[in-house]
Amino acid sequence: MKIPHDKPVLVTSALPYVNGECHIGHLRTYVPADICVRMLRKMGYRVIFISGSDTHGTPIVLSAEAEGTTPEAVVERYHEHFRRVFDALNVDFDYYGRTDSPANHARTEEIVKDLMARGYVYRKKTKQAYCNTCGRFLPDRYVEGICPYCGTLARGDECDQGCGRHLEPGEIEEPRCKICGSAAVYKDQEHFFFKLSAFSHFLLSYLHGLEGTANARNYALEWVKRELRDWCITRNLEWGVKFPGRDDLVVYVWVDAPIGYISFTEELLRERGEDDTEWARYWKNNEATIIHFIGTDIIYHHCIFWPAMLKGAGYSLPRAVIASGMVKINGKTFSKSRGNVVWASEFLERFHPDMLRYYLVAQSSHTKELDFSWDSFFMRVNNELVAILGNLAYRVLTFTYKHFGMVPAGEIEDEVTSAIESATAEVLSAMENYEFKKMVDATMGLANFGNSYFQREEPWHLIKGDEDARRRCGTIIKNVLQILKSICILLEPVMPEKMGEMWFQLGMETDLHATKIEDLRAPIRTGQKLNKPAVLFQRVG
RNA sequence: GCCGGGGUGGCCUAGCUGGUCAGGGCGCGGCACUCAUAAUGCCGAAGUCGCGGGUUCGAACCCCGCCCCCGGCACCA
């Protein structure tokens with residue numbers, strides 16, 4: 001894909017639901033998003049990068065009750081937790097908001113009113129399970145009972161043990177409250193529905209033009225080609241955004257969550273002192289390129305509900321959706337209850353964040369499943385970051401530091417230029433296709449080339465020779481230093497801290513993070529003093 | 001059941017608009033080197049590309065049938 005250069009770019013990363021700690025499944029979406037943003041900036045784009053905490057919904061309310069505290073307290077705790085993790089990993093959002101902010105409430109109300117005014121929302125009576133003991137209505141997933149089709153024990157929304165059929169609210173027989181276990185009764189309840197079915201035609205053509213990864217587009221198209229059911233967008237809860245004109249209902253969390261993308265943009269621009277209508281350039285007038293990073297589990301919401309809502313309320317539409325594959329642990333699906341999970345904090349206590357950033361993109365292509373294991377992590381770090389990249393930097397820098405102390409004179413050889421050029425071309429084309437693994441593979445290929453070149457030329461012999469030999473040695477060194485400089489620029493988006501360290505050791509005085517891709521073509525300056533080299537990556541495991 | 005993804009040397013995997021397509025990595029064996037974090041380089045062994053048909057001058061790649069594995073099936077963040 002080609003992102004237009006003349007428009008600002010808005011990149012969003014899916015909103016973590018702040019009902020628990022951050023695990024590496026989350027990071028598989030946020031880290032590549034951050035890498036993408038850093039690379040876009042290197043390519044000269046103006047980018048703002050936004051995310052935030054998804055704070056509403058039933059699970060948070062239930063967690064709060066279980067702990068004897070308030071939803072606000074739960075949200076506050078995990079909101080801060082996620083902020084700290086992103087900070088530690090250098091996932092560098094321009095703005096990280098939360099969906100319970102006044103701005104998001106206001107924007108959500110406005111959008112819902114817009115949808116109502118345009119006739120896309122209607123009311124309908126439904127039967128809903130009510131628990132007399134708990135004194136409240138029960139969302140589908142907190143009801144269990146007997147499946148009317150096959151007679152097995154089933155969840156409120158799906159016969160998960162038996163026939164697998166989806167169950168409409170009110171269908172399940174002998175409903176029981178999953179929270180307290182007592183029998184529930186059905187009560188008539190009025191709810192509001194979004195006319196999703198009216199958007200089939202629009203979605204079909206929208207999705208055909210949607211950029212990003214094929215998995216997102218194809219998955220959504222499957223649904224649209226079948227049939228879209230209207231979508232119940234209200235819930236009987238206290239915690240959330242009140243449905244306009246109804247104190248007893250809040251909007252469903254998947255309405256106000258993506259709207260966070262809009263309100264966080266508003267909040268960021270206000271914080272920057274921009275005009276109050278500046279956000280409209282991004283979200284009303286199609287004057288920006290909107291790109292969403294999500295996980296494959298929420299393709300449905302981002303490729304169907306969300307564009308339908310935006311279209312229905314008269315907002316700008318996303319240009320691309322990039323969906324990362326799910327993470328497994330030792331071949332098994334994530335499961336908190338079974339302890340089959342790897343927490344972000346557990347990682348960060350033991351390893352440098354750049355190792356995790358590297359692993360997350362190097363281990364598997366973005367849309368495929370990533371099977372995490374500690375062995376595979378240790379292997380990648382030891383064989384690639386330590387043995388290939390770290391070792392190349394250290395062997396060259398210590399050699400240079402000892403014998404020259406600065407960048408020696410010499411021409412960059414054609415062979416080296418072409419290796420650098422082709423690696424750069426590969427990185428950029430991988431970037432265009434959101435193939436982050438190919439980005440790092442191409443750069444590691446350049447490091448391999450560097451090792452091979454250095455080994456073949458044997459500068460450790462040349463340095464002991466006559467004046468010609470020593471001059472030749474300097475040329476070799478200058479060439480390998482040029483390779484290192486290029487690697488710093490190409491891998492900075494992936495490993496911002498470690499590449500910054502290498503940049504410093506090379507004696508570069510500019511800010512690596514602000515360095516553009518074109519800058520790697522400039523030869524490293526002869527006479528530039530090196531700083532004392534140090535090992536970049538320690539072996540792990 | 002339906003939909004999607006996948007089955008390539010011991011392991012992971014690239015390739016999937018058909019003709020250097022049988023590549024890479026790990027592991028393994030040999031040699032070289034000593035600037036380097038027992039790191040690096042070079043060479044090598046190993047594969048009927050799930051099974052059976054078909055299309056074609058030619059298929060891992062296209063078509064048909066079959067067998068396995070994984071995931072999703074709507075309000076679940």
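Just so we're on the same page: letters track the sequence lines, and every chain starts at 1.
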Please state how far atom [atom1] in [X] lies from atom [atom2] in [N], giving the value in whole angstrom units.
{"X": "A:Ile299", "N": "B:G72", "atom1": "CD1", "atom2": "C1'", "answer": "10 Å"}
{"X": "A:Gln363", "N": "B:G25", "atom1": "CD", "atom2": "C1'", "answer": "11 Å"}
{"X": "A:Phe378", "N": "B:G25", "atom1": "CZ", "atom2": "C1'", "answer": "19 Å"}
{"X": "A:Asp230", "N": "B:A74", "atom1": "CG", "atom2": "P", "answer": "16 Å"}
{"X": "A:Tyr359", "N": "B:C26", "atom1": "OH", "atom2": "C1'", "answer": "13 Å"}
{"X": "A:Ile477", "N": "B:A36", "atom1": "CD1", "atom2": "C1'", "answer": "12 Å"}
{"X": "A:Leu462", "N": "B:C33", "atom1": "CG", "atom2": "C1'", "answer": "14 Å"}

Using a cut-off of 4.0 Å on non-hydrogen atoms, how would the nucleic acid contact of [X] be classed: base, sugar-phosphate, or nothing?
{"X": "A:Ile463", "result": "nothing"}
{"X": "A:Arg380", "result": "nothing"}
{"X": "A:Glu369", "result": "sugar-phosphate"}
{"X": "A:Asn451", "result": "sugar-phosphate"}
{"X": "A:Asn383", "result": "sugar-phosphate"}
{"X": "A:Ala387", "result": "sugar-phosphate"}
{"X": "A:His301", "result": "base"}

Between [N] and [X], is there an OP1 or OP2 to side-chain N/O distance shorter than 4.0 Å?
{"X": "A:Lys328", "N": "B:C69", "answer": "no"}
{"X": "A:His461", "N": "B:C33", "answer": "no"}
{"X": "A:Ser364", "N": "B:U13", "answer": "no"}
{"X": "A:Lys437", "N": "B:G24", "answer": "no"}

If you count every heavy atom of other residues, nucleotides or ligands that lies below 6.0 Å from A:Phe378 atom CZ, does the total exceed 12?
yes
More than 12 heavy atoms of other residues, nucleotides or ligands under 6.0 Å from CD of A:Glu72: is that the case?
yes
Ring centres of A:Tyr358 and A:Phe351 under 6.0 Å apart?
no
For the aromatic rings, using the six-membered ring if either is Trp, is the centroid distance between A:Phe193 and A:Trp231 under 6.0 Å?
no
For RNA chain B, please output the secondary structure as dot-bracket, reading 5' to 3'. Pairs are Watson-Crick or G-U wobble, both atom distances under 3.5 Å; mark crossing pairs with [ ], other-strand partners with |, unpaired with a dot.
(((((((..((((.....[...)))).(((((.......))))).....(((((..]....))))))))))))....
Salt bridge or not for A:Arg217 and A:Glu211, using N-O below 4.0 Å?
no
By a 5.5 angstrom centroid cut-off and a 30 degree plane limit, is there stacking between A:Trp460 and B:C35?
yes
Quote, to the nearest angstrom, the C1' distance that separates B:U55 from B:G47.
26 Å
Pairwise C1' distance, B:G29 and B:C66 [rounded to whole Å]:
41 Å
Just by distance, no angles: are the side chains of A:Tyr401 and A:Gln505 close enough, under 3.5 Å, to form a donor-acceptor pair?
no
Taking atom types as modelled, find out whether A:Tyr206 and A:His201 have a side-chain donor-acceptor pair closer than 3.5 angstrom.
no
Pick the closest RNA chain B nucleotide for A:Leu196 and for A:Lys438 by heavy atoms, then say which residue is nearer the 5' end.
A:Lys438
